[in-house]
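Inspection log for the structure reproduced underneath, given as structure tokens.
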Amino acid sequence: QVQLVESGGGLVQAGGSLRLSCAASGRTSRYYAVGWSRQAPGKEREFVAAIDWTGSSTNYADSVKGRFTISRDNAKLTVYLQMNSLKPEDTAVYYCGISYRNLIRADVEDFTDWGQGTQVTVSS
């Protein structure tokens, strides 16, 4: 089993940027897809972005396309989510998870072993 730890969240003004990190430990492998999801208070968890194990294929939710970029450094067993032009509606707890089948579909059910999450708050 892989353990994931998210970091990099915080409070930022609308229009600002943050970079989230997702670090893996435990039974790690470079050969898994990784996805980001988020959950705002009172709302269901929603897919944000995913990247395959090679880093060559990515997928994004329509709401973040053109603003967020997912990337990975397999040597460091870390996946990043660069978030630019942040909006108040991006406020949520952000989680990263593993797809052991290397799927990058926009479906949070494809991912497991979610981390504890990191809070992102965007003020207007």
Side-chain angles (χ1 to χ4, degrees):
Q1 186 174 356
V2 178
Q3 289 81 46
L4 302 176
V5 178
E6 303 93 338
S7 62
L11 173 63
V12 64
Q13 289 188 332
S17 298
L18 285 173
R19 188 176 81 155
L20 306 184
S21 297
C22 170
S25 62
R27 188 171 67 86
T28 58
S29 170
R30 297 168 175 77
Y31 305 114
Y32 301 140
V34 174
W36 286 94
S37 67
R38 65 188 182 186
Q39 188 164 21
K43 295 187 177 181
E44 293 188 354
R45 186 175 294 195
E46 64 174 352
F47 171 84
V48 174
I51 188 167
D52 76 337
W53 76 269
T54 68
S56 61
S57 294
T58 57
N59 191 19
Y60 296 93
D62 288 342
S63 58
V64 306
K65 278 181 184 176
R67 300 188 298 122
F68 290 11
T69 302
I70 189 170
S71 62
R72 68 191 295 158
D73 183 339
N74 283 342
K76 296 182 179 179
L77 298 175
T78 301
V79 173
Y80 305 97
L81 185 68
Q82 178 67 44
M83 306 187 297
N84 299 328
S85 302
L86 283 162
K87 305 175 181 180
E89 51 262 45
D90 294 317
T91 295
V93 178
Y94 284 70
Y95 303 89
C96 60
I98 294 279
S99 170
Y100 291 102
R101 294 193 293 161
N102 203 35
L103 298 172
I104 59 168
R105 299 182 303 190
D107 186 347
V108 296
E109 297 299 322
D110 285 345
F111 301 90
T112 186
D113 292 345
W114 297 99
Q116 294 300 304
T118 185
Q119 175 71 48
V120 171
T121 303
V122 184
S123 63
S124 57

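These numbers come from a predicted model, not from an experiment.
The shortest distance between side-chain heavy atoms of Val122 and Lys87 does not fall below 4.5 Å. By the 4.5 Å heavy-atom criterion applied to side chains, Val34 and Phe111 are not counted as neighbours. Under the 4.5 Å side-chain criterion, counting only non-hydrogen atoms from C-beta, Arg67 is in contact with Asp90. Side-chain atoms of Ile104 and Ile51, non-hydrogen and from C-beta on, never get closer than 4.5 Å to each other. The shortest side-chain heavy-atom distance between Val93 and Thr118 does not fall under the 4.5 Å cut-off. Residues Leu81 and Tyr94 meet the side-chain proximity criterion, which asks for heavy atoms closer than 4.5 Å. In this structure, Asn74 and Tyr31 have side chains that are not in contact, with every pair of non-hydrogen atoms separated by 4.5 Å or more. Residues Val120 and Thr91 form no side-chain contact, since every pair of their non-hydrogen atoms from C-beta on lies 4.5 Å or further apart.
Applying salt bridge (charged side-chain N to carboxylate O under 4.0 Å, His left out) to Arg38 and the options Glu44, Glu46, Glu6 leaves one that passes, Glu46.
Expressed to the nearest 0.5 Å, how far OG of Ser57 lies from CG of Asn102 amounts to 8.5 Å. Of the inter-residue distances, the one linking Met83 atom CE with Trp36 atom CH2 reads 8.0 Å to the nearest 0.5 angstrom. We find the OG-CD distance between Ser99 and Glu109 to be 12.0 Å, quoted to the nearest 0.5 Å. Here the CG-CG distance, from Leu18 to Leu11, works out to 9.0 Å after rounding to the nearest 0.5 Å. In this structure, the separation between CG on Asp110 and CZ on Arg101 is 6.0 Å, given to the nearest 0.5 Å. The distance from atom CD1 of Ile70 to atom CD of Gln82, rounded to the nearest 0.5 Å, is 12.0 Å.
Ring orientation note: the planes of Trp114 and Tyr95 are nearly perpendicular, at an angle over 60° on the 30°/60° scale.
Residues Arg45 and Ser37 approach most closely at CD-OG, 3.1 Å, considering heavy atoms. Pairing each heavy atom of Leu4 with each of Ala24, the nearest pair is CD2-CB, 3.8 Å. Heavy atoms only, all atoms of each residue included: Asn84 and Ser17 are closest at OD1-OG, 2.9 Å. Of all heavy-atom pairs between Ala14 and Pro88, the closest is CB-CD, 4.1 Å. Considering every non-hydrogen atom in both Ala33 and Leu103, the closest pair reads CB-O, 3.5 Å. Nearest heavy atom pair, residue Ala92 against residue Gln119, reads O-NE2, 3.4 Å.
Aromatic pair Tyr32/Trp53: centroids not less than 6.0 angstrom apart.
The hydrophobic clustering, which links ILVMFWY residues whose side-chain heavy atoms are closer than 4.5 Å, places Val2 and Val79 together. Cluster annotation: Tyr60 and Tyr80 are assigned to distinct hydrophobic clusters (Ile/Leu/Val/Met/Phe/Trp/Tyr, side-chain heavy-atom contacts under 4.5 Å, transitive).
In this structure a side-chain-to-backbone donor-acceptor pair under 3.5 Å is missing from Ser56 to Thr54.
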